[in-house]
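Numbering of ligands and ligand atoms starts at 1, following listing order.
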Amino acid sequence: MVPELVGKLTALGYDVAVEPDAGRHALISDEEYAEAGAVVDDAAFDGADVVVSVQPLDVERARALPAGTSTISFLPTGAEADLVLACRDAGLTSYAMELVPRISRAQSMDALSSQALVAGYRCAIVAAGMLRRFFPLNMTAAGTVQPAEVVVLGAGVAGLQAIATAKRLGAVVRAYDVRAAAAEEIASMGAKPIHLDLETLEGSGGYAREMTEDRAARQRELLAPYIAKADALITTAAVPGRAAPMLVTREMVEQMSAGAVVVDLAAETGGNVEGSVAGEVVRIGNAQVWGGRNVPSQMPGPASRLYAQNVVNLVTLMTAQDDEGVASFAPDPDDEIVAGACVTRDGEILHEPTRQALEGEPA
Ligand code: NAD
């Protein structure tokens, strides 16, 4: 939560309690929350109907909440099996921000998009900062300096934002994505789509599908010359529910020229670049390879502001008013957005893929 949005929740009829130091890493003081109308309280969880956080709660925290409490946070169910089971067993209603359906009515609640926007921008800025040459063309009395060549792999929300940012800084940007619609989206950002002689890979809901190992090998082979020529490579490719696809081998990075920079946004989820390490800069051949770790948190102000707005919009949808105008937290379980985002309720795992993974097929 950010102070400027506390008023939106109090206007809906909620009391807002914030843990001391909750905003410290986003440069927000306890006093600012208090001035905005929140109570700053060590026992902020006590008596809460809804507990909102960015990261999933600790298992112990979840177990301590009374049955019927709702939680709203990012909740990667694949990686948080223990927490999902704890929420089920404690009778909590847990909502995962990444499961909010990507329908137009839910766009204002789409935290994956808002955080990808921050991360994509940050990736381009990191690449520009690490590269020890100009991004733009410079025509000077002392001669012409050629612009940097940037290659972006994966042109979803983060990739497109990285492209737009690198373009604004004046680089020549080429980009590739497996989805059919991507070439047009890349071109609309002013970058050059890389056309490979490969079939497109469209999954459901506008997402990519996983590649076969044969196709992955062929894609790497066809991309290699583009990567060898790039001054900066930014990778943002992901497939929902899977480890990030390995798009660039160590050998491909070794072909890059001296001073080259690689930014792997997917380092935390398996890595698009072989050898990248989340949260570290490693050297591969001539290149410095930067592995992203919790990248949105590197721009905590805007990341928090956007996430808080997503949460406020979701809570607003989940708030009902009675005939006298008295509001209560009463999510409609039949609403597509509420149902889509709900992981556990009343002692059951409602998100079917998670339920199957943790409880198996029905008898
Ligand atoms: P994502 O984070 O799941 O993946 C990032 C990108 O990686 C995707 O564009 C994907 O196609 C690409 N990718 C996967 N495998 C690849 C490979 N082997 N090589 C190259 N690229 C690869 O995706 P995202 O950013 O969440 O967006 C996915 C789609 O959802 C996009 O079409 C986006 O426009 C759409 N979207 C819709 C809404 C909405 O309707 N509300 C909101 C956000 C995004």
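- Partners of S73 under the side chain to side chain donor-acceptor pair (under 3.5 Å) rule, at least two apart in sequence or in another chain, do not exist in this structure.
- Looking at Q356 and E352, their side chains do bring a donor and an acceptor atom within 3.5 Å of each other.
- Donor-acceptor pairing under 3.5 Å is recorded for the side chains of Y207 and R102.
- Checking S94 against T344 by side-chain atom types alone, a donor-acceptor pair falls below 3.5 Å.
- Legend: residues meeting salt bridge (charged side-chain N to carboxylate O under 4.0 Å, His left out) with D21, ordered by chain and number and at least two apart, are R24.
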Check ligand 1 against the protein and report each N/O to N/O distance under 3.5 Å, formatted as atom name, atom name, distance.
unit_1, atom_1, unit_2, atom_2, d
ligand 1, 4 (O), A238, O, 3.2
ligand 1, 7 (O), A238, N, 3.2
ligand 1, 9 (O), G156, N, 3.1
ligand 1, 9 (O), D177, OD2, 2.6
ligand 1, 9 (O), R179, NE, 3.0
ligand 1, 9 (O), R179, NH2, 3.0
ligand 1, 11 (O), D177, OD1, 2.6
ligand 1, 11 (O), D177, OD2, 3.3
ligand 1, 11 (O), R179, NE, 3.0
ligand 1, 19 (N), Q219, NE2, 3.1
ligand 1, 25 (O), V157, N, 2.7
ligand 1, 26 (O), R102, NH1, 2.6
ligand 1, 26 (O), R102, NH2, 3.4
ligand 1, 32 (O), R179, NH1, 2.9
ligand 1, 32 (O), G206, O, 3.2
ligand 1, 40 (O), R102, O, 3.3

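- By the salt bridge (charged side-chain N to carboxylate O under 4.0 Å, His left out) test, R218 is found to be paired with E221, residues two or more places apart in sequence or in another chain being considered.
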